[in-house]
2 protein chains.
Amino acid sequence: MRRMPANKDSANNYFDFLSNQSIFANISTSDLDKFFGSMQVVQYQKDETVILNAEEYANLYFAYEGLFKLTQFDQRGDELVLRIIDQNDVISPMHFLPHYNIAAKFVRDTTLICFSKNKVNDLIAKNHQFSMNVIQLLAKSTQEFMQFSEMLQLKTTREKVGWYLLRTKINNNLEFAHPKRLIAAYLGMTPESFSRALTDLKNDGIFINNKEIQLESDDKLCQYCDKTTGVDCDLFQTQQCAHH
Amino acid sequence: MRRMPANKDSANNYFDFLSNQSIFANISTSDLDKFFGSMQVVQYQKDETVILNAEEYANLYFAYEGLFKLTQFDQRGDELVLRIIDQNDVISPMHFLPHYNIAAKFVRDTTLICFSKNKVNDLIAKNHQFSMNVIQLLAKSTQEFMQFSEMLQLKTTREKVGWYLLRTKINNNLEFAHPKRLIAAYLGMTPESFSRALTDLKNDGIFINNKEIQLESDDKLCQYCDKTTGVDCDLFQTQQCAHH
DNA sequence: CTAATTAATTGATTTGTATCAATTAATGAT
DNA sequence: ATCATTAATTGATACAAATCAATTAATTAG
């Protein structure tokens, strides 16, 4: 880990970046500027591991650049990837309960912007809109983990992969942004099973060339959709959408 | 579902009950009394099912009495029990995102106390302590689902059951408070597997007589402990505790 | 550009748990 | 108390995905 002193140019970039975060939506520029002044920039290197306990990491973090995974692991060494975090994601270990240990494993060199728990709590106290935004963030987080549990428990291997491909399509324009082994771990399966599932999906008209996803027709992944996923799709509830 | 008109006596009971909820901690009696005035009591019967979408169920609910499960299910009919909710638990579908459908299936006749989203948001706006308490609740909820995912994905069947027994021991004094099939579903396994796991645990000095849990010695379940679970144990971090 | 390293794929085998089927135990209603 | 119903257990079998092992493809470093 490395603390970065911010020069004026980079500070401007960071301010722009932060202003677009939904947690800061509808807050006056003056309040924001004051708050942003307390920003810290930290960098982590590829392959670093950090245990994000609430005591030492009592901050609110924004992923400005890079890639890491939030993982839980057991004594056997098996690991659960709870979240893949890359650009624009937020993580708030300051809200973790005491004794809860979870690891951040950095997959690529990563730059985080962070705010201390005290500063965040000050803003919550002072600015009602911000506290609503924090509530919104945590509510979304709760729901994401409910859906994550659902994915782990209810979906078949093939459905998991189909669901992941669909989300990739909706967000990232048909190519894998992360190593396949990372995706496999996030979906709760081995790289072997992931690879075999990709092969299986050829029967559905879904073809994979290295990182590229090719679809026989645009709706080939729709069978793996659900309403909460679909809401971000361009075609949601239009004529062509299964949920219309 | 049935709306209950509250008489004066029962209202007093409800007020007492609510006052002890952690979400209302450290809030002035006057603010609370005013808020409690907007309370609604609703009752659900055994075997009822309700889809708790954020549109129709935009409330904050307290389980005053009864038992139900929060479940997600798929087109095959497989179900995931995300939470078992009984006395004293809180659930806030008002914080669910649009299009997120999750079901409450009532296992026993249940009495809920509820507050409308508007009233809750009013209190959030007016009372900073309450908004902090809501944040605390949602943070805890996020963490519980992370741990739930961990349980589903990383623990073996036997570890899941051992972990559940341990939590029962810490909370409820060595007896099952819920039907075994419900517990099995919550742990992501069939009743058959649950039953077999209980049999296996005899080798660990853990014996089950119908609803009763008997331990060869008091520490027989400690091997299934982790810090976040152990924090509620009487012996946490004492000499006898594995985490000391 | 090439060698070295890591990632991904493919095949063979094992394994844990679901499923199916039948029995026994517990609970609830008359 | 007895019968009917539901819950729990036990055994046999099937199956999906993990593991183990080997190969091929893709990156990364020199």
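Residue numbers start from 1 in every chain, and the chains themselves are labelled A, B, ... in the order their sequence lines are given, proteins ahead of strands.
Nucleic acid contact for Lys211(B): sugar-phosphate only, since backbone atoms but no base atoms lie under 4.0 Å from a heavy atom of the residue. Lys160(B) comes within 4.0 angstrom of nothing in the nucleic acid, heavy atoms only.
Between Phe62(A) and Phe17(A), the ring-plane angle classifies as perpendicular under the 30° and 60° cut-offs. Under the 30°/60° scheme for interplanar angles, the aromatic rings of Tyr164(B) and Phe176(B) are found to lie parallel.
Using a 4.0 Å cut-off, some side-chain N or O of Lys180(A) falls inside it from OP1 or OP2 of dT9(C). Checking the phosphate oxygens (OP1, OP2) of dT17(C), no side-chain nitrogen or oxygen of Ser193(B) falls inside 4.0 Å. Between Ser195(B) and dA8(D) there is no side-chain polar atom (N or O) within less than 4.0 angstrom of OP1 or OP2. Residue Thr190(B) places no side-chain N or O under 4.0 Å from the OP1 or OP2 atom of dT19(C).
One can place CG of Asp78(A) at 13 Å from P of dG16(C), the figure rounded to the nearest angstrom. Between Lys202(B) atom NZ and dT10(D) atom P the separation is 6 Å, expressed in whole Å.
Remark: Lys160(A) NZ to Tyr186(A) OH distance equals 11.5 Å, nearest 0.5 Å.
The environment of NZ in Lys105(B) is crowded: more than 12 heavy-atom neighbours from other residues, nucleotides or ligands sit within 6.0 Å.
Within 3.5 Å, a donor on the side chain of Arg196(B) pairs with an acceptor on the base of dG11(D), or the reverse.
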